[in-house]
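Numbers here are sequence positions counted from 1.
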Amino acid sequence: MSGYAGRGVHGQTVEAIAHRVLSGRVGEGDTLDLGALQAELGVSLTALRESLKVLAAKGMVDARQKRGTFVRPRTDWHLLDADVLRWQFEAAEGPASGSGNPLLRDLGEVRDIVEPAAARLAAERRDDEDLAALDAALEAMRRATGGGAEAVEADLAFHRALLRASHNEMLERMEMVIATGLAYRDRLVHASGHDPQDPVPTHEAVLEAVRAGDSGAAESAVRRLLDQAGRDLGRIERAGPPAE
């Protein structure tokens, strides 16, 4: 189980409160009724306070004398924190999911900026270990013909390996943002019931350009890959849910 949910009562309490905030059930500036939360979640006051400390560290809540514990403005949240990112995508799941989802739009724009640059650097700086990681991810992608969790993990592994092959520490740190959003996007595609285009050829083109040390071709190949990803989401949104 991912995130805090697999960490016992404490972790489940963190997740439960975070989802209330991210879903809008508890709005920015609202004061939390700790007694009501304690009763609703069935936890001790100590466990509740410890969970709120986690959310405070992520900029989501704060506590003041006379005011109590309240939700901070979204501008104060650590939006690039891995858990906060994941909670945002989980809160966005539902009928409004699709390429029109603002989170997916933002993710697409970030990928358009980051990944072509990473591919260009990867072609110039990759070493044998990087190529081995990309080869392994592509082979896993070929094996994951049925989609689902294996396909998602293979896709994530490829993009992680590409960022690492840039040998730019700042770009490598973008893995957290891209991987969290990409996992959500892949789950959405595979759960839609509509078959996306085979991802292997576009990923293979990226790998071969990186292997050849052709930075321009690597950048162009990533742009074609991202264009296909955008078209896949667009088809899902236009087609709607699969027929029963």
Legend entry - Charged N-O contact under 4.0 Å between Arg224 and Asp227: no
Legend entry - Interatomic distance, Glu204 atom CD to Leu225 atom CG [nearest 0.5 angstrom]: 12.0 Å
Inset, instruction - Verify the cluster assignment for Leu226 and Leu138: are they in a single hydrophobic cluster under the rule of side-chain heavy atoms below 4.5 Å apart? - result: yes
Legend entry - Validation row: Leu55, Val21 side chains within 4.5 angstrom (heavy atoms): no
Legend entry - 4.5 Å side-chain heavy-atom contact, Glu150 and Arg143: no
Legend entry - Non-hydrogen atoms of Thr202 and Pro199 that approach each other most closely: OG1-O, 3.0 Å
Inset, instruction - Tell me whether Val26 is reachable from Leu52 by hopping between hydrophobic residues (I, L, V, M, F, W, Y) whose side-chain heavy atoms are closer than 4.5 Å. - result: yes
Inset, instruction - State which residues pass salt bridge (charged side-chain N to carboxylate O under 4.0 Å, His left out) with Asp62; sequence neighbours excluded, sorted by chain then number. - result: Arg64
Legend entry - Heavy-atom side-chain proximity of Met60 to Val71 below 4.5 angstrom: no
Legend entry - Under the side-chain hydrogen bond (donor to acceptor under 3.5 Å, both in side chains) test, residues paired with Glu28 that sit two or more places apart: none
Legend entry - By side-chain hydrogen bond (donor to acceptor under 3.5 Å, both in side chains) - contacts of Arg164 (at least two apart): Glu175
Inset, instruction - Mind checking the CG-CZ spacing from Leu32 to Phe70? Nearest 0.5 Å is all I need. - result: 10.0 Å
Inset, instruction - Enter the distance from Asp83:CG to Glu15:CD here, rounded to the nearest 0.5 Å. - result: 7.0 Å
Legend entry - ILVMFWY network linking Val110 to Leu85, side-chain heavy atoms under 4.5 angstrom: yes
Inset, instruction - Calculate, to the nearest 0.5 Å, the distance between atoms OG1 and CZ belonging to Thr180 and Phe89 respectively. - result: 7.5 Å
Legend entry - For Ala47 against His10, the heavy-atom pair lying closest together: O-ND1, 4.4 Å
Inset, instruction - State, to 0.1 Å, how close Val177 and Leu107 come at their nearest heavy-atom pair, and which atoms those are. - result: O-CD1, 4.2 Å
Inset, instruction - Flag the pair Leu182 / Phe158 as yes when at least one side-chain heavy-atom distance between them is below 4.5 Å, and no otherwise. - result: no
Inset, instruction - Please report the shortest heavy-atom distance between Pro116 and Val222, naming the atom on each side. - result: N-CG1, 3.8 Å
Legend entry - Pairs flagged by salt bridge (charged side-chain N to carboxylate O under 4.0 Å, His left out) wherever residues 36-52 is involved - sequence neighbours left out: Arg20-Glu40, Arg25-Glu40, Glu50-Lys53
Inset, instruction - Measure the spacing between CD of Glu169 and CG of Leu163 and express it to the nearest 0.5 Å. - result: 13.0 Å
Legend entry - From Thr69 atom OG1 to Asp33 atom CG, the distance as rounded to the nearest 0.5 Å: 10.5 Å
Inset, instruction - Please tell me if the side chains of Ile17 and Leu48 come closer than 4.5 Å, counting only heavy atoms from C-beta onward. - result: yes
Legend entry - Beyond-backbone contact of Ser44 with Val9, side-chain heavy atoms, under 4.5 angstrom: no
Legend entry - With sequence neighbours excluded, residues passing ring-ring contact (aromatic ring centres under 6.0 Å, His included) with His159: His203
Legend entry - Contacts of Asp81 that satisfy salt bridge (charged side-chain N to carboxylate O under 4.0 Å, His left out) - sequence neighbours left out: Lys58
Legend entry - Hydrophobic cluster identity match, Leu37 and Leu22, side-chain contacts under 4.5 Å: yes
Legend entry - By side chain to side chain contact (heavy atoms under 4.5 Å, CB included) - contacts of Ala133 (at least two apart): Ala161
Legend entry - All salt bridge (charged side-chain N to carboxylate O under 4.0 Å, His left out) counterparts of Arg74, not counting sequence neighbours: none
Inset, instruction - Not counting sequence neighbours, which residues clear side-chain hydrogen bond (donor to acceptor under 3.5 Å, both in side chains) with Glu172? List them please. - result: none
Legend entry - Residues in side-chain hydrogen bond (donor to acceptor under 3.5 Å, both in side chains) contact with Glu109, at least two apart in sequence or another chain: none
Taking distance alone, no hydrogens or angles, what donor-acceptor pairs closer than 3.5 Å link side-chain atoms of residues 117-132 to residues at least two apart or in another chain?
| from | atom 1 | to | atom 2 | distance (Å) |
| --- | --- | --- | --- | --- |
| Arg120 | NE | Glu219 | OE1 | 2.7 |
| Arg120 | NH1 | Ser215 | OG | 3.3 |
| Arg120 | NH2 | Glu219 | OE1 | 2.8 |
| Arg125 | NH1 | Ser166 | O | 3.1 |
| Arg126 | NE | Val210 | O | 2.7 |
| Arg126 | NH2 | Arg211 | O | 2.6 |
| Asp127 | OD1 | Glu129 | N | 3.1 |
| Asp127 | OD1 | Asp130 | N | 2.8 |
| Asp130 | OD2 | Asp127 | N | 3.0 |
| Asp130 | OD2 | His167 | NE2 | 2.6 |

Legend entry - Non-neighbouring partners of Asp76 that pass salt bridge (charged side-chain N to carboxylate O under 4.0 Å, His left out), sequence neighbours left out: Arg72
Inset, instruction - May I ask whether Val54 and Leu79 are part of the same hydrophobic cluster, defined by side-chain heavy atoms of I, L, V, M, F, W, Y residues being less than 4.5 angstrom apart, directly or through others? - result: yes
